[in-house]
Amino acid sequence: MKTELNKKERLLSLDALRGFDMLFIMGLSAWVVAFCDLFPSSGAMGWLSSQMSHVKWNGLSHHDTIFPLFLFIAGISFPYSIAKQRAGGKTDRQILVKVVKRGLMLVFLGMVYNGFFKLEFSTLRYASVLGRIGLAWMFSALLFMKFKPKVLVVIAAVILIGYWLLLWLVPGGPDPYSFENNLVGVVDRVLLPGRLIYGDNYFDPEGLLSTLPAVVTAMLGMFTGQFIRSSNDISDNRKVLYMIAAAFVLLITGLLWSYVFPINKMLWSSSFVCVVAAYSLFLFALFYYIIDVKGYRRWTLFFRVVGMNSITIYLAQKIINFSQPANFFFGGLAGKFPEVWANLISSTGYIIVCWLFLYFLYKKNVFLKV
């Protein structure tokens with residue numbers, strides 16, 4: 001879809017942060033691994049390389065933060081979006097319909113990503129990353145439109161605590177948070193049609209029940225966006241300090257909670273929500289301070305090109321073989337070097353090709369908006 005964007009109505013820090021986040025999906029993770037491979041005896045590089053993949057179950061790596069950070073950012077955007085729509089004369093009913101349509105469209109695009117057009121519906125994976133974003137953001141937005149901030153805070157707390165108690169008490173067992181014995185997997189096996197992604201159709205990290213705490217991830221983003229937008233009596237510098245303080249509180253809360261409810265992305269555990277929200281809020285505070293408060297914006301173009309077409313590149317990498325043009329232009333150069341250097345050159349070439357594809361769309365003012 002083609003649209004004109006009024007950059008003055010956008011938080012440039014959001015576009016830049018979204019782009020920074022999506023770069024890891026666009027090949028930066030592979031680039032970091034290839035770079036670390038140049039230093040095989042370095043413990044620090046070994047640790048950094050390990051951060052570019054998901055942990056198997058309990059615990060946290062940087063790669064586990066990419067998805068929730070994106071959802072958190074989507075939440076920050078909504079208070080600005082709803083204010084703009086209301087200022088343009090749209091009723092809350094019209095906005096509500098648009099919210100639901102967007103949520104369901106993301107669910108459908110997630111199924112498209114998973115192979116919907118193969119028309120093999122019995123083996124299709126219906127759960128997806130985009131589906132999780134669509135549903136969690138949609139329900140969070142509907143709550144945001146319906147209730148006042150104090151009520152929303154209570155709802156968020158009830159969801160996180162209720163989810164913890166639900167997994168702890170039902171169905172019980174020696175370890176209700178294990179891969180084999182958790183309620184999230186039971187619900188998915190009973191209610192989700194098609195294929196689950198892990199354990200020979202046993203568990204799906206983007207399943208139904210674990211979407212519930214993901215709603216809070218989006219809500220925390222919306223709280224942040226509303227705070228930035230509406231707190232006109234607070235200076236920008238003080239806003240940044242408040243966000244850092246809130247991130248610290250969330251971090252401590254999540255770490256303490258993890259002693260009884262482990263940090264686990266696949267379960268989207270309540271402790272995971274708190275810890276990753278702390279990381280997301282701190283990163284946003286940093287980007288907001290540098291870009292929107294201090295006004296250092298020129299360096300952001302590289303990230304904004306990615307961030308403003310994030311869903312485009314996520315889907316495009318599934319549909320378009322970017323490795324082919326990357327190999328066409330950079331394969332010869334890579335072939336002149338040893339394997340470890342060749343991998344780094346190839347990874348660099350892949351990122352360049354993807355970025356130039358997005359830059360072409362950016363220059364043409366073409367942005368995929370759902």
Side-chain angles (χ1 to χ4, degrees), residues 18 21-27 29 53-57 63-75 77 99-142 163 179 182 184-218 221 264-269 272-273 276 280 306-307 309-320 322 354 368-370:
R18 190 186 297 109
D21 192 42
M22 283 302 298
L23 269 174
F24 289 95
I25 302 297
M26 203 182 84
S29 292
S53 58
H54 295 296
V55 297
K56 291 183 177 180
W57 191 244
H63 215 59
D64 297 314
T65 69
I66 296 172
F67 183 5
L69 174 58
F70 189 93
L71 181 54
F72 187 90
I73 294 169
S77 301
V99 165
V100 173
K101 284 183 177 179
R102 182 176 189 261
L104 296 180
M105 177 58 71
L106 284 169
V107 172
F108 174 70
L109 289 176
M111 290 190 290
V112 169
Y113 184 92
N114 288 344
F116 179 87
F117 290 110
K118 292 180 180 179
L119 306 181
E120 298 173 355
F121 301 118
S122 63
T123 58
L124 175 67
R125 182 187 173 220
Y126 288 85
S128 67
V129 169
L130 290 180
R132 166 65 56 84
I133 293 170
L135 291 176
W137 176 88
M138 180 183 73
F139 287 122
S140 179
L142 294 177
Y163 181 68
F179 180 83
N182 68 80
V184 173
V186 173
V187 171
D188 289 345
R189 291 193 294 275
V190 172
L191 297 180
L192 262 182
R195 178 177 64 88
L196 307 183
I197 194 171
Y198 286 126
D200 193 21
N201 216 37
Y202 193 81
F203 180 87
D204 201 297
E206 280 80 53
L208 297 172
L209 186 58
S210 57
T211 297
L212 193 61
V215 171
V216 180
T217 299
N264 187 301
K265 176 187 176 293
M266 291 194 185
L267 292 175
W268 212 279
S269 63
F272 172 79
V273 171
V276 178
S280 302
V306 181
N309 252 323
S310 53
I311 294 179
T312 301
I313 193 59
Y314 183 77
L315 291 171
Q317 287 184 109
K318 190 71 172 182
I319 300 169
I320 302 171
F322 288 105
C354 289
L368 177 62
K369 298 188 69 180
V370 178

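The structure displayed is predicted, hence computed values, not measured ones. Nothing fancy with the numbering, it's 1 onward along the sequence.
- The cationic atom of Arg189 (NZ for Lys, CZ for Arg) does not lie both less than 6.0 Å from the six-membered ring centre of Phe203 and within 45° of the ring axis.
- Under a 3.5 Å cut-off, the side chain of Asn114 and the backbone N or O of Tyr126 do not form any donor-acceptor pair.
- Going from atom CZ of Arg102 over to atom NZ of Lys369 covers 9.0 Å, rounded to the nearest 0.5 Å.
- With hydrogens and angles disregarded, no donor-acceptor distance shorter than 3.5 Å links the side chain of Arg195 to the backbone of Ser122.
- Residues passing the side chain to side chain contact (heavy atoms under 4.5 Å, CB included) test with Val187, sequence neighbours excluded: Leu183, Leu191, Leu208, Leu209.
- Here the closest non-hydrogen pair linking Arg18 and Ser310 is CD-OG, 3.3 Å.
- Tyr202 is not listed as a side-chain neighbour of Asp200, based on a closest heavy-atom distance of 4.5 Å or more.
- Taking CE of Met266 as the start and CD1 of Ile197 as the end, the distance is 8.5 Å to the nearest 0.5 Å.
- A pairwise comparison of heavy atoms in Pro68 and Thr217 identifies O-CG2, 3.6 Å as the closest pair.
- Looking at Ser29, its side chain never comes within 3.5 Å of a backbone N or O of Ile25 through a donor-acceptor pair.
- Between Leu267 and Phe272, every side-chain heavy-atom pair lies at or beyond the 4.5 Å cut-off.
- When all heavy atoms of Ser140 and Ala218 are compared, the closest pair comes out as OG-C, 3.5 Å.
- A distance-only check finds a donor-acceptor pair linking the side chain of Thr211 to the backbone of Gly207 [under 3.5 Å].
- Taking CG of Leu23 as the reference point, atom CD1 of Ile66 lies at 10.0 Å (rounded to 0.5 Å).
- Taking 4.5 Å as the limit, some side-chain heavy atom of Pro213 sits within range of a side-chain heavy atom of Tyr163.
- Considering only heavy atoms from C-beta on, Pro205 stays 4.5 Å or farther from Arg132 through its side chain.
- The distance from the OG atom of Ser269 to the CG atom of Asn182 is 11.0 Å, given to the nearest 0.5 Å.
- Atoms CG and CZ, on Leu130 and Phe108 in that order, are 12.0 Å from each other to the nearest 0.5 Å.
- Within the model, atoms CG of Leu69 and CG of Asp21 stand 4.0 Å from one another, a figure rounded to the nearest 0.5 Å.
- Taking both residues in full, the closest heavy atoms of His54 and His63 are given as CE1-O, 3.3 Å, listed atom of the first, atom of the second, then distance.
- Aromatic ring orientation, Trp57 versus Phe179: perpendicular (interplanar angle above 60°, classes split at 30° and 60°).
- Applying the salt bridge (charged side-chain N to carboxylate O under 4.0 Å, His left out) test to every pair with at least one member in residues 114-125, sequence neighbours left out, gives these pairs: Arg125-Asp204, Arg125-Glu206.
- Leu192 approaches Ala127 most closely through the heavy-atom pair CD1-CB, 4.1 Å.
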Is there a side chain to side chain contact (heavy atoms under 4.5 Å, CB included) between Met26 and Gln317 once you walk through the steps? CA-CA 8 Å; Met26 203 182 84; Gln317 287 184 109; 4.2 Å; yes

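- The side chain to side chain contact (heavy atoms under 4.5 Å, CB included) search around Leu104 returns Val100, not counting sequence neighbours.
- Counting heavy atoms from C-beta outward, Val99 and Leu142 have side chains that approach closer than 4.5 Å.
- The shortest distance between side-chain heavy atoms of Ile133 and Ile311 does not fall below 4.5 Å.
- Applying ring pair (Phe, Tyr, Trp, His ring centres under 6.0 Å) to Phe67 and the options Tyr314, Phe24, Trp268 leaves one that passes, Trp268.
- Here the closest heavy-atom approach between residue Cys354 and residue Ile313 is recorded as CB-CD1, 4.1 Å.
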